[in-house]
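Below is one structure, written out as structure tokens, with a few remarks after it.
Atom set for the values below is all heavy atoms of this structure, side chains included, hydrogens, waters and symmetry mates excluded. A quick note: this is a predicted structure, and the numbers were derived from the prediction, not measured.
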Amino acid sequence: MAVNSAQTPAVRKAAAAQAATLDELVALASRLAADGLMDMATRMSAVLLDLTSAGPDPQEAVRRIRSGNLLKDNAYAFVHLATTAIELALRKEVARLAPAAKPQAASPLTLSLVPLEEMDQQLAFAAISRPFDIQQSERLASLGVRLGVLLGRELVRANHNPFRPEVFLRGLQEAWHEFEPDEASHGLVLPLLRPSIVFELGPILDALADKLKPVRAREERFAKTDDSARARAARARRDAAVSQQLRQLFGAAEAPVGAELAIPMIPNLPQGSGGWRPSAAAGFAGASAAGPAPGAPAPVARASAGAPLAEVLETLTGSAPQATAHEVFYLPRLKQSLPQGSLSRGDETTLDLLSRIFETVLIDESIPQETRELIAFLQVPVLKAALKDRSFFFEEAHPARRMLDLLSHAGWEQAASPDDPVYRAMRRGVDQVRRQAQPEVFAAAVAELEASIADREQREEAAIAGPIAQATRQEKQLAATRSARKAVSLRLAGDEVVALVGTFLEQRWTPVLTLAYTIEDSKPGAVDNATRAMDDLIWSVKPKATHEQRKALIKSLPALLTTLNKWLDATGWQDAERLQFFAGLAECHAAIVRAPIEISPERQLELAVEAAQQDALRRIALEQAAAAEEEAPLDPASAELARLERGMRVEFTGANGVRKLRLAWVSPLRTLFIFSGAGRQEGFSLPAERLAEAFRSGSIRVLAPEGVVGRVLTQAVGAAAMNDPAHAATHAG
């Protein structure tokens with residue numbers, strides 16, 4: 001049995017999205033039309049009451065006076081009726097765009113004659129709509145193409161466009177018939193439906209076309225360069241999944257002792273790695289065979305089976321004085337020193353996870369030895385904090401977890417001196433939590449350390465403020481130039497522009513658009529003004545096949561020339577070539593106006609619409625190609641570049657060896673990156689192109705872009721999932 005594709009979820013979803021967009025367009029067009037109805041009612045009543053244009057029939061004059069006064073005194077009622085009628089007419093036309101449902105059974109073909117009265121009305125409305133159609137031919141053509149894109153067609157033809165002028169005019173006529181009780185006065189409205197009286201349709205059509213344009217943020221005008229938000233969202237989703245798994249793990253941790261743990265055992269720490277060795281502190285079975293280190297306290301008795309880990313820690317730490325750097329407790333060995341089965345499953349899981357976390361940090365040679373020694377002193381305080389509050393594993397903001405992440409991250413850079421403010425804050429914080437491992441003590445230490453780091457970053461910004469300001473100006477100028485060139489090339493590729501104007505746009509209007517993009521932040525609307533002037537100039541030199549188009553050209557020329565000259569004055573183009581251009585432009589306009597018109601009005605409209613449709617098809621095809629290029633997936637190197645964020649650490653490999661650097665600043669449009677080295681003793685900048693090439697060649701890699709705790713927990717949960725029999729069964733084969 002064949003499946004009706006129209007009923008698939010994907011098709012239904014696409015149809016629902018199309019319907020929602022069309023509904024938004026109707027609401028937008030109705031609202032904009034309503035905004036102009038009050039002024040239109042005023043113009044209508046003024047024309048009705050002006051008897052100088054009335055005919056010799058006295059009854060006609062009486063009807064005009066009565067209708068004009070009725071409209072003048074009840075304008076709000078007419079506006080309400082017209083708003084409702086226009087919206088209803090638009091919705092009826094939009095409904096016709098959707099494919100008709102197939103009938104359940106074939107119905108016999110029936111023929112019917114169209115009444116003569118209806119045919120006359122159609123012909124009358126065709127004549128009334130023609131000036132609007134000609135005046136808005138380009139906008140209607142562009143909107144028809146965009147509607148076609150929305151509906152998956154090449155375009156929506158003019159006579160099927162639900163927003164064509166005729167639809168608005170018919171809505172106005174129906175509103176007048178409902179508003180005017182005298183049927184003899186219903187015919188008064190048709191002569192009033194002309195461009196000089198009806199609200200402007202141009203802004204409405206422009207707004208509808210803009211609504212259908214692809215949405216692109218300002219910073220993505222010429223390149224898709226920032227994927228950090230997506231990366232953060234993906235990391236947040238992953239962290240939430242890890243937290244959920246950990247909650248389930250600890251929720252099942254009350255299972256009977258002896259059940260197999262989901263967290264893999266921690267491997268023995270390699271001897272001599274980074275200068276670290278098993279602790280000589282009391283209670284460790286893994287201590288040197290020669291016995292305790294000189295001066296170390298004697299071993300204490302093993303804890304009894306089933307004793308909570310917190311009691312074991314009090315026994316161990318209570319019997320030992322303050323340890324030195326090489327005499328601290330070492331968590332990966334602590335579990336081995338305890339009798340099998342002496343810990344609850346929850347305590348054992350906590351100890352396993354924290355052992356992995358500290359092992360990762362303490363063997364990381366990229367962290368200076370002084371920092372690792374400080375972190376080593378936190379093993380027991382952090383373990384106590386995690387035993388009291390297991391949200392350590394679920395919440396990044398947990399004070400003990402936050403402190404461990406800050407120390408491992410901020411301490412990555414070698415302090416310039418022992419008096420470095422950040423290093424001093426690190427030492428004070430560690431000393432405080434060693435004396436009292438309480439949440440408020442961790443929180444106070446974290447607050448002081450964060451303040452010290454923020455102060456250091458402010459000093460960094462001040463030190464490179466000059467290069468940053470210069471780089472920002474250069475980037476803004478380059479971005480403006482690139483956007484201007486793209487805007488001009490898009491017009492020249494999409495339209496058949498006369499050589500005089502094409503050369504002018506490339507050589508003289510590109511600097512104008514560059515200036516507009518540069519000042520857009522301080523003078524909003526500059527880009528739209530300069531772009532509109534460019535589009536109006538291109539339109540002005542196209543052939544005009546109708547009298548209405550030529551009248552519109554003559555009417556628009558003074559404002560267009562004024563705008564062109566103002567922008568050219570701003571760019572400083574004042575030589576004789578400018579005079580020659582405007583002289584040639586005047587000759588071109590004169591030739592267009594004087595050209596003979598030897599075709600019928602109907603054919604003139606057809607030619608105008610056809611030319612506008614072809615221009616719209618070319619222009620929108622180029623827009624779609626540009627949008628597809630910007631939305632194309634990034635290659636791996638560009639994706640890595642897009643995820644870079646300020647504060648990340650990277651490793652460069654080059655002829656001079658390996659350098660570990662910190663990303664100190666990223667320009668607003670992400671075209672320039674400034675790095676600083678350890679101790680702030682070196683710094684350099686790289687453009688985005690060179691940095692992407694470094695990612696492609698493998699000479700740069702990002703080091704631990706997140707907190708050490710989250711990274712280790714993610715790895716541990718992933719390993720646990722791989723060891724889960726259900727997981728293995730799912731992925732078998």
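With sequence neighbours excluded, no residue forms a ring pair (Phe, Tyr, Trp, His ring centres under 6.0 Å) with Phe132. Partners of Ser196 under the side chain to side chain donor-acceptor pair (under 3.5 Å) rule, at least two apart in sequence or in another chain, are Arg194. Applying the side chain to side chain donor-acceptor pair (under 3.5 Å) test to Asn565 and every residue at least two apart in sequence or in another chain returns Arg578. Annotation: side chain to side chain donor-acceptor pair (under 3.5 Å) contacts of Asp206 (sequence neighbours excluded): Arg139. Taking the salt bridge (Lys or Arg N to Asp or Glu O under 4.0 Å) definition, one finds that Glu87 meets it with Arg91, sequence neighbours left out. Qualifying side chain to side chain donor-acceptor pair (under 3.5 Å) partners for His186, counting only residues two or more places apart in sequence or in other chains: none.
The residues Glu93 and Arg164 are annotated as salt-bridged, a charged nitrogen and a carboxylate oxygen being separated by less than 4.0 angstrom. Salt bridge absent: Arg170 and Glu174 never bring a charged side-chain N and a carboxylate O closer than 4.0 Å. Of the charged side-chain nitrogens involved, at least one lies within less than 4.0 Å of a carboxylate oxygen, so that Asp521 and Lys476 count as a salt-bridged pair. Under 4.0 Å is where a charged nitrogen must lie from a carboxylate oxygen, and between Asp210 and Lys213 at least one such pair does.
Formation of a donor-acceptor pair under 3.5 Å by the Ser137 side chain with backbone atoms of Ile134 is found in this model. At distances below 3.5 Å, at least one donor-acceptor pair connects side-chain atoms of Asn69 with backbone N or O atoms of Ile65. In this structure a side-chain-to-backbone donor-acceptor pair under 3.5 Å is missing from Asn529 to Gly525. The backbone N or O of Leu568 lies less than 3.5 Å from no partner atom in the side chain of Arg508, so there is not a single donor-acceptor pair. At least one donor-acceptor pair under 3.5 Å links the side chain of Ser489 to the backbone N or O of Lys486. When atom types are taken as modelled, the side chain of Gln173 and the backbone of Leu190 share no donor-acceptor pair closer than 3.5 angstrom.
Heavy-atom contacts from other residues, nucleotides or ligands closer than 6.0 Å to CZ of Arg157 number 12 or fewer. Within 6.0 Å of CD on Gln18 lie more than 12 heavy atoms contributed by other residues, nucleotides or ligands. No more than 12 heavy atoms of other residues, nucleotides or ligands lie within 6.0 Å of NE2 in His80, so this atom counts as exposed by the packing criterion. Around CZ of Phe582, the count of heavy atoms belonging to other residues, nucleotides or ligands within 6.0 Å exceeds 12.
When all heavy atoms of Pro165 and Leu201 are compared, the pair lying nearest together is CB-CD1, 3.7 Å. In this structure, Leu193 and Leu169 approach most closely via the heavy-atom pair CD1-O, 3.8 Å. Minimum interatomic distance between Ala530 and Val512 (heavy atoms only, all atoms of both residues): CB-CG1, 4.2 Å. Val79 approaches Leu37 most closely through the heavy-atom pair O-CD1, 3.8 Å. What you find for Pro131 and Ala127 is that their closest heavy atoms are CD-O, 3.4 Å. Closest approach of Ala209 to Leu143, counting heavy atoms only: N-CD1, 4.0 Å.
In summary, of the residues considered (Val167, Leu25, Leu97, Leu90), a side chain to side chain contact (heavy atoms under 4.5 Å, CB included) with Pro162 occurs for Leu97 alone. When the options Arg63, Arg66, Arg64 are evaluated for a salt bridge (Lys or Arg N to Asp or Glu O under 4.0 Å) with Asp182, the one that passes is Arg66.
Contact of the Leu537 side chain with the Leu505 side chain is registered, since non-hydrogen atoms from C-beta on lie closer than 4.5 Å. By the 4.5 Å heavy-atom criterion applied to side chains, Leu150 and Arg146 are not counted as neighbours. Thr671 places none of its side-chain heavy atoms less than 4.5 Å from the side chain of Leu478. Residues Gln477 and Thr514 are in side-chain contact: their nearest non-hydrogen atoms beyond the backbone lie under 4.5 Å apart. No side-chain heavy atom of Pro543 sits less than 4.5 Å from a side-chain heavy atom of Gln549. With contacts defined as side-chain heavy-atom distances shorter than 4.5 Å, the pair Ser667/Thr472 does not qualify. Using a 4.5 Å heavy-atom threshold, the side chains of Trp509 and Leu564 count as touching. Leu22 is listed as a side-chain neighbour of Leu151, based on a closest heavy-atom distance under 4.5 Å.
Interatomic distance, Leu49 CG to Ser45 OG, rounded to the nearest 0.5 Å: 6.0 Å. Between Leu561 atom CG and Ser540 atom OG the span is 8.0 Å, to the nearest 0.5 Å. The NZ atom of Lys523 sits 8.5 Å away from atom CG of Leu515, with the distance rounded to the nearest 0.5 Å. Here the CG-CG distance, from Leu557 to Asp536, works out to 10.0 Å after rounding to the nearest 0.5 Å. Once rounded to the nearest 0.5 Å, the distance linking CH2 of Trp176 with OG of Ser185 reads 7.5 Å. A distance of 5.0 Å separates CG of Leu192 from CE of Met44, quoted to the nearest 0.5 Å.
Relative orientation of the Phe581 and Phe504 rings is parallel, given thresholds of 30° and 60° on the angle between their planes.
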#### Entry: Audit row: Ile519, Ser522, side chain to side chain contact (heavy atoms under 4.5 Å, CB included) steps and yes/no
CA-CA 5 Å; Ile519 65 175; Ser522 59; 4.0 Å; yes
### Trace of the side chain to side chain contact (heavy atoms under 4.5 Å, CB included) decision for Leu585 with Val541
CA-CA 8 Å; Leu585 185 63; Val541 294; 3.8 Å; yes
### Trace of the side chain to side chain contact (heavy atoms under 4.5 Å, CB included) decision for Arg153 with Leu147
CA-CA 8 Å; Arg153 312 174 188 175; Leu147 286 170; over 6 Å; no
### Task
Start with the C-alpha gap between Val94 and Phe163, add the side-chain angles, then the distance that decides, and say whether side chain to side chain contact (heavy atoms under 4.5 Å, CB included) holds.
CA-CA 8 Å; Val94 164; Phe163 303 99; 4.3 Å; yes
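Asp569 and Gln574 are linked by a side-chain donor-acceptor pair at a separation below 3.5 angstrom, with hydrogens and angles left out of the test.
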